[in-house]
Amino acid sequence: MARYSERGLHGQTVQEIARRILTGELRPGDTIDPAALGAELDLSLTALREALKVLAAKGLVASRQKRGTFVRPRSDWSLLDPDVIRWQFANRNDHAFLENLAEVRGIIEPQAARLAALRRTEHDLAALDDALAAMGRADGDAALAVQADLAFHRALLTATHNELLERMEIVIEVGLAERDRLVHGVGGHDDPVPSHRAVLDAVRAAAPGRAEEAMRDLLAKARRDLDTVRED
């Protein structure tokens with residue numbers, strides 16, 4: 001699913017209203033006054049309505065005759081929509097969120113590595129090789145390190161050839177990016193290449209048990225790196 005662009009005034013407006021809803025500034029059941037909000041954000045009524053249409057498509061708001069536009073209950077939100085996930089978790093580095101991410105990764109990625117070892121193609125291995133090479137070239141550049149790490153884990157999920165597991169990249173990628181920015185941003189962390197290479201070597205060798213164990217070791221290292229950042 002393509003992500004919604006945040007560029008331009010329209011995209012920024014969508015993101016700002018989404019932020020207010022997802023942070024609880026606008027709560028489920030609250031009425032949104034388009035005229036008042038448009039005046040606050042210095043937007044035309046037409047522009048604001050277009051932004052609300054985007055949020056309505058994602059289940060965040062709805063409009064009814066006599067009631068107007070209102071925030072829908074959280075149970076109606078499209079919580080697995082990539083934009084909703086990104087808007088909800090971007091720039092969050094609180095302990096609870098990162099712990100939730102670690103739990104999700106611990107459930108999904110070891111089994112993904114096992115399946116990848118059984119199902120990977122030469123194309124999958126090439127994508128993993130490219131991501132690992134990019135990781136090695138990052139050489140302290142936090143932005144490049146984050147991109148390479150995301151590419152590796154995305155390629156691993158793709159190598160499972162399970163469409164539902166591939167969709168889990170939506171959850172893992174958003175959270176992993178925030179975790180990586182914390183860890184790689186401070187410097188002094190251990191080289192991530194060896195732990196990722198161990199996973200790739202096992203996948204290449206079609207050794208599912210070894211791939212699963214290598215991924216568990218990688219995730220344990222990721223937790224240690226994050227704990228080190230918290231202690232600094």
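The figures that follow rest on heavy atoms only: side chains count, while hydrogens, waters and symmetry mates do not. Computed from a prediction, not measured in an experiment: that's the story for all the values here. Numbers for residues simply follow the sequence, beginning at 1.
- No more than 12 heavy atoms of other residues, nucleotides or ligands shown are found within 6.0 angstrom of CZ on R49.
- Remark: R204 engages D129 in a salt bridge, criterion side-chain N to carboxylate O under 4.0 Å.
- A donor-acceptor pair is defined here as one N or O able to donate and one able to accept, closer than 3.5 Å; such a pair exists between the side chain of D30 and the backbone of R27.
- In this structure, R119 and N162 have side chains that are in contact, with non-hydrogen atoms separated by less than 4.5 Å.
- To the nearest 0.5 Å, atoms CG (L52) and OG1 (T69) are separated by 5.5 Å.
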side-chain contact (heavy atoms from CB on, under 4.5 Å) for I17 and V54? Distances and angles first, verdict last. CA-CA 11 Å; I17 301 172; V54 174; over 6 Å; no

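- Listed by chain and number, the hydrophobic cluster partners of L118 come to none, as no ILVMFWY side chain reaches under 4.5 Å of it.
- From R137, atom CZ reaches atom CG of D139 across 11.5 Å, with rounding to the nearest 0.5 Å.
- Going from atom CD of Q12 over to atom CG of L41 covers 11.0 Å, rounded to the nearest 0.5 Å.
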Would you check, one step at a time, whether the test salt bridge (Lys or Arg N to Asp or Glu O under 4.0 Å) holds for E50 with K53? CA-CA 5 Å; E50 288 301 313; K53 284 181 182 178; 3.3 Å; yes

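- We find the OG1-CD distance between T158 and E169 to be 6.5 Å, quoted to the nearest 0.5 Å.
- Here the closest non-hydrogen pair linking A211 and R114 is CB-N, 4.4 Å.
- Distance check, rounded to the nearest 0.5 Å: OG1 of T160 to CD of E109 gives 11.0 Å.
- For the pair R74 and L79, the minimum side-chain heavy-atom distance is below 4.5 Å.
- Considering only heavy atoms from C-beta on, L43 comes within 4.5 Å of L9 through its side chain.
- In terms of heavy-atom proximity, S78 sits nearest to G59 at OG-N, 4.2 Å.
- For the pair D83 and D81, the tightest heavy-atom approach, listed with the atom from each and the gap, is N-OD1, 2.8 Å.
- Looking at heavy atoms from C-beta onward, T121 lies in side-chain contact with H161 at the 4.5 angstrom threshold.
- With respect to E103 and R223, no salt bridge is recorded, no charged nitrogen being found less than 4.0 Å from a carboxylate O.
- The two residues T13 and A51 have their closest heavy-atom pair at CG2-CB, 3.7 Å.
- When side chains are defined from C-beta on, L60 does not count as touching V71, because their heavy atoms never get closer than 4.5 Å.
- Every residue two or more places apart in sequence or in another chain that forms a side chain to side chain contact (heavy atoms under 4.5 Å, CB included) with A151 is listed here: A131, R154.
- For the pair R72 and F70, the NZ or CZ position fails the cation-pi test of under 6.0 Å to the six-membered ring centre and within 45 degrees of the ring normal.
- Hydrophobic clustering (side-chain heavy atoms under 4.5 Å, transitive across Ile, Leu, Val, Met, Phe, Trp, Tyr) keeps V146 apart from L144.
- Contact check for E173 versus H153: no side-chain heavy atoms found under the 4.5 Å cut-off.
- Across every non-hydrogen atom of A127 and A155, the tightest pair is CB-CB, 4.0 Å.
- Scanning for side chain to side chain contact (heavy atoms under 4.5 Å, CB included) contacts around R19 gives E16, T23, E25, with sequence neighbours left out.
- In this structure, D42 CG and L48 CG are separated by 11.5 Å, a value rounded to the nearest 0.5 Å.
- Through direct or indirect side-chain contacts shorter than 4.5 Å among Ile, Leu, Val, Met, Phe, Trp and Tyr, L125 is connected to L128, L132, M135, F152, L156, V193, V199, L200, V203, M215, L218, L219.
- Judged as a side chain to side chain contact (heavy atoms under 4.5 Å, CB included), and not counting sequence neighbours, the contacts of L101 are R105, R179.
- At least one side-chain heavy atom of I32 sits less than 4.5 Å from a side-chain heavy atom of L37.
- Within the 4.5 Å cutoff, no side-chain heavy atoms of W87 are placed close to those of I21.
- Within the structure, the ring-ring contact (aromatic ring centres under 6.0 Å, His included) test picks out no pair touching residues 104-133 (sequence neighbours left out).
- Minimum heavy-atom separation, P208 to A206: CD-O, 3.2 Å.
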